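Just so you know, ligand 1 is whichever comes first in the structure, and atom 1 is the first atom listed for that ligand. We number each residue from 1, following the sequence as shown. Since this is a predicted model, take the numbers as computed values, not measurements.
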Amino acid sequence: MEGQIERIAQWIVSSKRVVVFSGAGLSTESGIPDFRSPGGVWDRYDPEDFYFQKFIASEASREKYWKMATEMYEPMKKAQPNLAHLAIAELEKLGKLDCVITQNIDGLHAKAGNSEEKILELHGTAMHVTCLDCGKRYDRDEIQERLQKEVNVPHCDDCKGPLKPATISFGQSMPERETQEAYHRSSLSDLFIVIGSSLVVQPAASMPLVAKRSGAKLVIINRDPTPYDDMADVVIHSQAGPTMASILEKVKKSAEKRMEDRRC
Ligand SMILES: [Zn+2]
């Protein structure tokens with residue numbers, strides 16, 4: 001694995017447009033349960049009840065939704081960025097990150113220090129709440145406080161419209177700007193690094209393919225095999241945190257060496 005890590009580090013140093021694509025594996029390493037796994041939220045709630053169309057349709061569905069959403073939010077609120085999040089934030093500081101495209105809704109890339117304009121959240125974010133009628137945005141914690149004290153279903157201060165976490169629910173379309181931008185950045189990248197995604201949730205999972213077809217090198221770091229392993233230039237089946245920390249260390253060493261060489 002040492003040789004693979006060295007190769008990835010060298011590619012990061014020599015590439016001009018490094019795009020990182022992150023998924024649920026990154027969140028689970030920060031202690032956030034994978035909602036799709038056995039014992040997860042979807043074992044206790046019926047996903048059918050949480051389609052966007054149902055949310056729109058009745059106050060009773062919204063109440064159910066908020067109960068489930070509150071349960072999902074608790075571990076996210078407490079979670080801290082892990083070594084992989086921190087390494088990705090560090091890549092930005094080194095000027096080596098074009099953007100991070102994420103399927104995660106936990107806000108941990110921002111918490112780790114990546115700037116907002118570098119993060120493309122394909123499934124929205126659980127850190128904010130939006131009014132479905134007027135689009136007003138609220139901080140999630142503020143709304144959770146209301147749910148704890150006053151109401152079962154929160155409504156907009158301005159227009160009384162229904163409030164919903166700013167995540168993309170079943171039956172809700174992907175955010176247009178983020179999705180287009182993510183495809184565009186993927187097609188321009190020269191190094192595409194998948195971290196902690198099993199690449200099964202479409203259409204996001206097709207982005208590595210877009211990058212690869214446009215000539216990017218493809219790196220996959222994921223605990224389990226993915227459908228794209230065969231076309232990747234390097235695959236590492238391991239934890240994201242320690243792997244990214246080792247890669248970052250080598251990137252930094254190589255950057256220092258370049259500085260020294262220039263001085264000589
Ligand atoms: Zn409103």
Undergrad: Consider only side-chain N and O atoms of N114 and E92, and report whether a donor and an acceptor are under 3.5 Å apart.
TA: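 Yes, side-chain donor-acceptor contact under 3.5 Å.
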
Undergrad: Is atom NZ of K164 surrounded by more than 12 heavy atoms (other residues, nucleotides or ligands) closer than 6.0 Å?
TA: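 Yes, because the 6.0 Å sphere around NZ of K164 holds more than 12 heavy atoms from other groups.
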
Undergrad: Run the salt-bridge test on K78 and E74 with the 4.0 Å N-O cut-off and return the result as yes or no.
TA: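 Judged by the 4.0 Å cut-off on N to carboxylate O distance, K78 and E74 do not form a salt bridge.
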
Undergrad: Salt-bridge test for E256 and K252: reply yes if a basic N is under 4.0 Å from a carboxylate O, no otherwise.
TA: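 Judged by the 4.0 Å cut-off on N to carboxylate O distance, E256 and K252 do not form a salt bridge.
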
Undergrad: Check R7, Q4, K212 against D233 for a side chain to side chain donor-acceptor pair (under 3.5 Å) and give me the one that passes.
TA: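 Among R7, Q4, K212, the one that satisfies the side chain to side chain donor-acceptor pair (under 3.5 Å) with D233 is K212.
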
Undergrad: Answer yes or no: is there a side-chain heavy-atom contact under 4.5 Å between L163 and L132?
TA: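 They are not in contact (no side-chain heavy atoms under 4.5 Å apart), so the answer is no.
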
Undergrad: Under 2.8 Å from the Zn ion (ligand 1), how many protein N/O/S atoms can be counted?
TA: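 Considering protein N, O and S only, the Zn ion (ligand 1) has 4 within range.
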
